[in-house]
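Here's the structure we're looking at; comments come further down.
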Amino acid sequence: MQLPSPSVSRRGLLKGAAVAAGSAAVGIGTTGTAAAADTSVTATAPDGSTTITMSPTGGALSWSAKRRGATVVNSSALGLKLSDGTMLGRSGTVITNYQHWTTDKTWTPTYGRNATVRDWYQEMRWNLRDTATLINFSVQIRAYPSGVAFRYVLLDKGTATIADELTTFVFPDSTLVHSARDEAAYNPVAPGSIPVTGTSGTDNGPLTDLPLTATYASGGLIACICESSRVNFPRLMLSSVSGQPNTLATYLMEHTARGSGPVQTTSTVTTPFATPWRAVVTGSHHAELVDNAELVLNLAPANVLTDTSWIKPGKVFRCQLTTAAGLAGVDFAVARGMQYIEYDSGWYGPERGTTDATRSIPEIDLPRVLSYAADKGVGLLLYINPMAMADVDGLFSLYKSWGVAGVKLGFINDGTQAMTNQIIAWAKTAATYNLLIDMHDDVRPFGFERTYPNWVSMEGVRGNEQFPTASHNVTLPFARNVGGPMDYTICYGQSRDKTTNAHQMAMAAAYYQPLNFIYWYDSPSKFSNTANWPGLPWFDAIPTTWDESHTLTGSIGQHIAVARRKGTTWYLGAMTNESARTLSLPLSFLGGGNWTATVYADGTPGTSAYQTPVVVSTRITSATVLSMAMAPSGGQAVVLKPS
């Protein structure tokens, strides 16, 4: 039974934005009182694949998780620390009641990896009381076929000031975590060996950003720690713990990511208040992890926009900062099947010295370009530095009146509670004026592309414009891209690439990129002789959002092959690291009948890594096993159409 609500504790719990999910009614299956003080409770995915267990041993809360019987996280701590030193969940915790239920529903995203998403899980919820302070709180755990998740809820009505989160992740021996901070390359290390990074003006210590992927000694099991539904709360990092080589501890950011803006050592919230979900996306093999990424979306609030008909993801061409380049960019977009052009940093003047983004530099006749683009059915995106966003409402209203399709925000340094609220407010204001929004630099995903689907992409990654290694590129599908959409600026045909052209082409299918910038650094004239660029038809045809997606094979840092369908056509992208590799891929995901495969493969090795691909067409069926030979740092891109 549901116990009577106790009086508000003398501590009175903290200020902020109420989170409806913390106290909203849900489809409750069973409610009751705990049988014993030390009784554990386990949520099991409806298909039996994953479990998450919560225990209150001796008044201290802990959790653990498994996938198909294999340990993902060993017994680890749970808890929150308040600003007065109270540590909820560490001792003196009693269970006042419990609830559990199973949910199975399907929802339709505005766009995504798949046309529909199944939200299928078992939830266990304990209502708890701290005996020293009489503060009432809850821990909710969920088990999905795709992974597990948990969060805390402060239940008493009032306010609370949260100083820290006390969650830990204790991994089995010999686990490696693929650590990266800001735009650094991924570094596979033991949990206790994350390198110290940061400065006196930033969060400093053995810290890593999310999403964080763990690989296990068994070789097959893989997990990726993400967060979802972060509202009025700082961004989560994870830290090594001195003397505990297998342990990571939660770290709530106190600075913005690169040290600009005020420091916030605590977060004041209005209660009831739910913290963000801590999600552990899992796979029994590496390819399965990639396909389980929608767990992050399932934990996020549903779409709040009543009209999403204007939200159209697509491909983008960046133009040089002149009128002529804009007009030529529009023509190129039309010819190459692209939906948008973009004017990047500098279109209104030097971004570090100009705060007026309401007028363009003299070299750009913006009304002329906008009019020409509109006549051709091409949208225009504009870059803005936050220095020019003092009046966001007025600026976005002006852009709507001009006919601008969206904005790309640069140098967004996520991190503190205030910055979380700021970036959500920007997305909300952009939606008010029917503007797409793409946030760049040090910002990390938390599922809000579901809530505000106009927030169509973000960076938060060592970008392809930095010409990273092939190993980095084949790490991303299992790490950063699990957390959400990723703006990764494809650099096809660049002599500075450390990969082949076919590798760059394959990114358009291997990564989930609803807003896909292509031909970065280049001008339309480079591609005027199309015979020199046999990969152009691939980019012309490929969409950026999908009806169905399947990861066919993969291993983090080694290789990846993903097939995605739009309508009746499949697009398959495969990439390898610095080792040559041949994959044998069954095509059983295809429907019946005959199909035509147009294969863009690595050319004969030459002096340049960006060798032009070879194009071959062949007849196949769903019984075909496709042999895909890839050069070192190479790849293949394949279009599969019914004959």
Side-chain angles (χ1 to χ4, degrees), residues 111 183 257-258 310-321 325-326 329-330 333 338-352 354-358 360-361 364 366 369-370 373 378-389 392 395-396 398-400 402-414 419 422-445 448-449 452-461 463-466 484-491 511 513-522 544:
Y111 54 85
E183 294 185 358
R258 296 176 184 171
W310 56 274
I311 298 174
K312 300 186 183 303
K315 293 168 286 189
V316 191
F317 180 75
R318 182 181 69 157
C319 300
Q320 298 303 308
L321 302 179
V330 170
M338 306 179 80
Q339 290 70 44
Y340 300 100
I341 62 167
E342 186 241 4
Y343 279 131
D344 212 89
S345 172
W347 74 266
Y348 57 85
E351 64 173 314
R352 295 295 191 182
T354 306
T355 59
D356 183 5
T358 66
S360 62
I361 57 175
I364 300 175
L366 199 57
V369 174
L370 279 162
V378 173
L380 175 64
L381 309 180
L382 293 176
Y383 175 97
I384 321 169
N385 185 288
M387 292 177 60
M389 294 172 61
V392 174
L395 187 64
F396 288 1
L398 178 66
Y399 288 175
K400 180 180 180 180
W402 287 354
V404 171
V407 292
K408 174 182 169 182
L409 308 187
F411 292 98
I412 305 304
N413 292 316
D414 191 8
M419 276 307 301
Q422 180 65 85
I423 61 181
I424 292 173
W426 284 333
K428 181 179 180 180
T429 304
T432 300
Y433 296 105
N434 288 16
L435 295 173
L436 302 180
I437 193 164
D438 176 16
M439 298 195 195
H440 256 237
D441 294 287
D442 200 338
V443 59
R444 289 298 188 276
F448 257 52
E449 68 271 20
Y452 290 100
N454 63 305
W455 188 357
V456 72
S457 195
M458 67 191 74
E459 193 178 30
V461 68
N464 197 38
E465 73 279 1
Q466 299 185 48
M486 182 176 74
D487 185 348
Y488 200 60
T489 56
I490 293 175
C491 297
Y511 299 150
Q513 304 182 88
L515 196 68
N516 195 349
F517 283 75
I518 306 175
Y519 312 114
W520 195 256
Y521 292 121
D522 285 320
T544 64

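On a predicted model such as this, the values are computed, not experimentally measured, just so you know.
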**Study point:** Interatomic spacing from CG in Asn385 to CG in Leu409 - rounded to 0.5 Å
**Key:** 9.5 Å
Study note, to complete from the structure: Rounded to the nearest 0.5 Å, the CE atom of Met458 sits from the CE atom of Met486 at a distance of 11.5 Å
Exercise for review: Show the numbers, then the answer: is there a side-chain contact (heavy atoms from CB on, under 4.5 Å) between Leu382 and Trp402?
Suggested key: CA-CA 11 Å; Leu382 293 176; Trp402 287 354; 4.3 Å; yes
Study note, to complete from the structure: Sorted by chain and number, sequence neighbours left out, side chain to side chain donor-acceptor pair (under 3.5 Å) with Gln422 holds for none
**Study point:** Taking every non-hydrogen atom, the tightest pair across Asn413 and Met419
**Key:** O-CG, 3.5 Å
Revision key, fill the gap. Correct closest heavy-atom pair for Ile361 and Gly346 would be CG2-O, 3.6 Å
Exercise for review: Can you sort out the partners of Trp426 under ring pair (Phe, Tyr, Trp, His ring centres under 6.0 Å), two or more places apart, ordered by chain and number?
Suggested key: none
Review point. Could you walk me through whether Val316 and Leu381 pass the side-chain contact (heavy atoms from CB on, under 4.5 Å) check?
Key: CA-CA 9 Å; Val316 191; Leu381 309 180; 4.0 Å; yes
Check your understanding: So do the side chains of Lys312 and Tyr340 get within less than 4.5 Å of each other, counting heavy atoms only?
Key -> yes
Side-chain donor-acceptor contacts of residues 427-435 below 3.5 Å, not counting sequence neighbours, with atom names and distances?
| residue | atom | partner | partner atom | Å |
| --- | --- | --- | --- | --- |
| Thr429 | OG1 | Ala425 | O | 2.9 |
| Thr432 | OG1 | Lys428 | O | 3.1 |
| Tyr433 | OH | Asp393 | OD1 | 3.1 |
| Tyr433 | OH | Asp393 | OD2 | 3.0 |

**Study point:** Stepwise side-chain contact (heavy atoms from CB on, under 4.5 Å) check, Glu183 with Asp441
**Key:** CA-CA 8 Å; Glu183 294 185 358; Asp441 294 287; 3.8 Å; yes
Point to revise | Trace of the side-chain hydrogen bond (donor to acceptor under 3.5 Å, both in side chains) decision for Asp356 with Thr354 | key: CA-CA 6 Å; Asp356 183 5; Thr354 306; over 6 Å; no
**Study point:** Spatial distance of atom CE (Met387) from atom CD (Glu351) [nearest 0.5 Å]
**Key:** 8.5 Å
Check your understanding: Which pair of heavy atoms, one from Gly410 and one from Pro386, lies closest together, and at what distance?
Key -> O-CD, 2.8 Å
Review point. Given Trp520 and Phe517, is the ring-ring contact (aromatic ring centres under 6.0 Å, His included) satisfied, shown in steps?
Key: CA-CA 7 Å; Trp520 195 256; Phe517 283 75; 5.7 Å; yes
Check your understanding: Taking the six-membered ring of Tyr383 as reference, does the NZ or CZ atom of Arg318 fall below 6.0 Å from its centre and within a 45° cone about the axis?
Key -> no
Exercise for review: Write down the atom of Ala257, the atom of Asp442, and the distance for their closest heavy-atom approach.
Suggested key: CB-OD2, 3.0 Å
Exercise for review: Can you sort out the partners of Ala357 under side-chain contact (heavy atoms from CB on, under 4.5 Å), two or more places apart, ordered by chain and number?
Suggested key: Trp347, Tyr348, Ile384, Ala388, Leu395, Tyr399
Exercise for review: To the nearest 0.5 Å, tell me how far His440 NE2 sits from Glu459 CD.
Suggested key: 4.5 Å
Practice item. Would you check if the side chain of Glu449 reaches a backbone N or O of Val456 as a donor-acceptor pair within less than 3.5 Å? Key: no
Practice item. List in chain and number order the residues that pass side chain to side chain donor-acceptor pair (under 3.5 Å) with Asp414, two or more places apart in sequence or in another chain; answer none if no residue qualifies. Key: Arg230
Check your understanding: Atom CG in Leu398, atom NZ in Lys400: separation rounded to 0.5 Å?
Key -> 12.5 Å
Exercise for review: Write down the atom of Gln513, the atom of Ile490, and the distance for their closest heavy-atom approach.
Suggested key: NE2-CD1, 4.0 Å
Check your understanding: Which atom pair, heavy atoms only, marks the closest approach of Val330 to Ala373?
Key -> CG2-CB, 3.8 Å
Check your understanding: Out of curiosity, Asp438 CG to Trp455 CH2, how far, rounded to the nearest 0.5 Å?
Key -> 10.5 Å
Point to revise | Leu321 side chain near Ile364 side chain, heavy-atom distance below 4.5 Å | key: yes
Review point. Stepwise, does the side-chain contact (heavy atoms from CB on, under 4.5 Å) test hold for Thr544 with Leu515?
Key: CA-CA 7 Å; Thr544 64; Leu515 196 68; over 6 Å; no
Study note, to complete from the structure: The side chain to side chain donor-acceptor pair (under 3.5 Å) partners of Tyr488 (sequence neighbours excluded) come to Asn473
Review point. Any side-chain heavy atom of Leu366 sitting closer than 4.5 Å to one from Leu380?
Key: yes
